[in-house]
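One structure is given below, represented as structure tokens, and several questions about it will come after.
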Amino acid sequence: MKGEGVNLVAICLVAALGLSLYVGRMQAAVTLPPEGKQLKRQFYKKMNTCINVEAFVKHQVQLSWAKDKFITAKLLKLLYADCLVNGCDASILLEGPNTEKKAPQNRRLDGFALIDSIKRTVESRCPLVVSCADILNLAVRDALHLAGAPSYPVLLGRRDGVESRAKWVDLPPPSISWEKGVEYFKSKGLDEQDYATLLGAHTMGKAHCSSIYDRLYNWGNTKKPDPSMSNASLEKLRKQCPKVVVPKKDPTVFLTEKNGEQYRFTNNYYSNVLSQDSVLRADQELLYGYNTSQLVLEYAGSFEQLRRQFSLSISRLGGLKVLTGTDGEIRESCRFRNATQLLH
């Protein structure tokens with residue numbers, strides 16, 4: 001249909017949801033990145049190549065989520081690691097000795113088995129038609145919805161990348177300042193509102209104690225805890241992450257304890273930021289930027305506003321540096337390139 005390009009779809013989505021476009025002096029973007037202009041709603045249905053692909057993906061995600069509620073956070077981390085490094089081309093899924101998944105920042109990524117299962121299901125019905133990149137974006141949407149987020153439209157038509165290099169991975173550390181975090185997002189094509197909004201995914205996550213030992217025991221090499229953490233959180237986290245580290249063990253803590261093992265999508269994360277109870281310093285840092293702090297206040301006070309904006313920001317994330325048309329390929333297996341079945 002004429003006029004169903006990315007910009008119009010995104011703008012209509014924003015208008016329909018009633019999003020506020022300004023926070024303080026900040027003007028938030030309301031369209032997908034320019035590379036995503038070729039993506040379309042119901043792409044495979046319109047091309048008559050895999051009419052029921054979204055139903056296939058949704059069913060597999062439902063089966064997985066019924067057994068493991070943490071799958072939502074696992075898939076979100078996969079999408080984040082994929083899109084922010086070399087664009088949303090499913091290069092994070094490729095196997096090989098020097099691929100992105102081998103980078104130190106990605107050593108704990110999970111969720112690959114579910115993507116493999118979905119791909120096998122789709123291939124059995126629509127061989128060499130649906131990309132792994134599209135499957136990942138659809139799976140994230142469906143897992144988020146099961147966790148309490150809105151079910152937003154996913155624009156499709158991505159193709160899979162044919163390269164993946166560990167040296168490309170430049171994901172920021174968990175203690176990054178809000179200034180550097182926003183700068184990083186802007187360098188990838190996102191903005192300040194996307195940064196503050198997408199960090200809200202931590203409401204469903206966990207962190208290893210090794211990522212917060214500095215906050216608990218030696219912030220800035222002072223041999224003291226991070227002064228931005230509340231005393232209550234410090235005491236609780238020190239019990240969960242004792243100073244004496246047991247070899248080969250690295251316990252985990254919930255990023256939002258109120259949600260616990262239910263891994264629900266809520267705005268409790270932002271309430272933690274306001275009360276200085278964030279587990280990660282990167283999360284607590286949102287309180288120190290003017291615009292990011294205003295967003296924290298907005299989302300802590302309105303879960304519906306968070307749900308609406310999250311739909312747009314994650315759609316923008318999913319549109320970064322996508323491959324379309326004849327670029328890339330449609331992999332038969334998400335773990336390997338078609339030509340060689342091995343990435344050197």
Side-chain angles (χ1 to χ4, degrees), residues 68-74 76-77 80-81 103-111 147-148 171-182 184 195-289 292-293 295-297 299-301 303 306:
D68 177 17
K69 301 292 189 296
F70 193 39
I71 192 62
T72 305
K74 293 175 183 177
L76 274 166
K77 288 182 69 175
Y80 173 85
Q105 301 96 314
N106 292 331
R107 67 185 185 278
R108 292 194 175 104
L109 288 179
D110 203 349
L171 298 172
S175 58
I176 193 170
S177 68
W178 73 267
E179 297 99 330
K180 290 184 178 179
V182 170
Y184 177 79
Y195 182 68
T197 304
L198 292 175
L199 277 183
H202 286 170
T203 192
M204 296 171 288
K206 292 190 292 187
H208 284 268
C209 288
S210 59
S211 65
I212 59 171
Y213 274 129
D214 57 343
R215 294 199 76 197
L216 301 180
Y217 300 106
N218 190 26
W219 182 249
N221 294 318
T222 62
K223 296 184 180 180
K224 296 179 180 180
D226 183 348
S228 72
M229 182 180 288
S230 72
N231 290 332
S233 285
L234 178 63
E235 181 180 353
K236 177 186 63 181
L237 289 171
R238 278 183 165 180
K239 290 179 180 179
Q240 296 174 279
C241 301
K243 192 172 185 178
V244 178
V245 180
V246 178
K248 296 184 179 180
K249 287 191 176 182
D250 191 1
T252 59
V253 296
F254 293 115
L255 292 178
T256 307
E257 190 177 47
K258 289 180 182 179
N259 295 342
E261 295 182 356
Q262 293 303 309
Y263 301 108
R264 299 295 297 172
F265 181 85
T266 72
N267 59 348
N268 288 333
Y269 163 89
Y270 295 98
S271 298
N272 282 0
V273 175
L274 290 175
S275 60
Q276 295 187 298
D277 291 318
S278 296
V279 173
L280 301 180
R281 175 67 185 223
D283 296 334
Q284 194 58 59
E285 282 278 329
L286 291 178
L287 201 57
Y288 306 133
T292 55
S293 67
L295 286 164
V296 169
L297 285 167
Y299 295 155
F303 179 46
L306 170 63

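Since we're looking at a predicted model, the values are computed, not measured.
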Close side-chain approach of Leu286 and Tyr269, heavy atoms under 4.5 Å: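 Yes, close enough: below the 4.5 Å cut-off.
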Which atom of Ile71 lies closest to which atom of Gly111, heavy atoms considered: CD1-CA, 4.2 Å
Whether Glu285 side chain and Trp178 backbone form a donor-acceptor pair below 3.5 Å: yes
Trp219 vs Ser228 side-chain heavy atoms within contact, under 4.5 Å: no
Side-chain heavy-atom pair Leu295, Tyr195 within 4.5 angstrom cut-off: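 The answer is no; the side chains never approach within 4.5 Å.
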Heavy atoms from other residues, nucleotides or ligands near CD of Glu179 exceed 12 (cutoff 6.0 Å):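 Yes, because the 6.0 Å sphere around CD of Glu179 holds more than 12 heavy atoms from other groups.
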Electrostatic pair Asp214-Arg281, nearest N-O below 4.0 angstrom: no
Under 3.5 Å: donor-acceptor pair, side chain of Arg238, backbone of Leu216: yes
Exercise: identify the closest heavy-atom pair between Phe303 and Phe265: CZ-O, 3.2 Å
Separation of Arg215 CZ from Leu234 CG (nearest 0.5 Å):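 Between atom CG of Leu234 and atom CZ of Arg215 there are 9.0 Å.
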Sub-4.5 Å side-chain heavy-atom contact between Lys74 and Asp68: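 Yes, their side chains come closer than 4.5 Å.
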From Ile212 atom CD1 to Asp226 atom CG, the distance as rounded to the nearest 0.5 Å: 11.0 Å
Euclidean distance, Thr256 OG1 relative to Gln262 CD, rounded to 0.5 Å: 14.0 Å
Residue pair Tyr263 / Met204: nearest heavy atoms and the distance that separates them: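 Looking at all heavy atoms of both residues, the shortest contact is CD2-O, 2.9 Å.
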OH on Tyr270 to OG on Ser278, rounded to 0.5 Å: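 Answer for the OG-OH pair, Ser278 versus Tyr270, is 10.5 Å.
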Carboxylate-amine/guanidinium proximity below 4.0 Å for Asp277 and Lys258: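 So Asp277 does not pair with Lys258 through a salt bridge.
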Asn267 side chain to Ala300 backbone, donor-acceptor under 3.5 Å: yes
Side chain Ser293, main chain Gly289, donor-acceptor under 3.5 Å: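 The answer is yes, because a donor-acceptor pair under 3.5 Å joins these two groups.
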Gap separating the CG atom of Leu171 from the CD atom of Gln105, nearest 0.5 angstrom: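 One finds 5.5 Å between CG of Leu171 and CD of Gln105.
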Side-chain donor/acceptor of Thr203 to backbone N/O of Gly200, under 3.5 Å: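 No, because the side chain of Thr203 does not come within donor-acceptor range (under 3.5 Å) of the backbone of Gly200.
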Between NZ on residue Lys236 and CE on residue Met229, distance to nearest 0.5 Å: 9.0 Å
Short side-chain to backbone donor-acceptor contact, Gln284 and Val279, under 3.5 Å: no
Test item: side-chain donor near acceptor, Ser177 and Tyr288, under 3.5 Å: no
Smallest separation among heavy atoms of Gly205 and Ala73, with atom names: CA-CB, 4.4 Å
N/O donor-acceptor pair under 3.5 Å between Tyr217 side chain and Lys243 backbone: yes
Close side-chain approach of Leu199 to Thr292, heavy-atom, < 4.5 Å: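 The answer is no, as the side chains (C-beta and beyond) never meet within the 4.5 Å cut-off.
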Close side-chain approach of Asn272 to Asp283, heavy-atom, < 4.5 Å: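 A side-chain contact is absent here, since even the closest heavy-atom pair is not under 4.5 Å.
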Asp250 and Ser210 side chains, donor-acceptor separation under 3.5 Å: yes
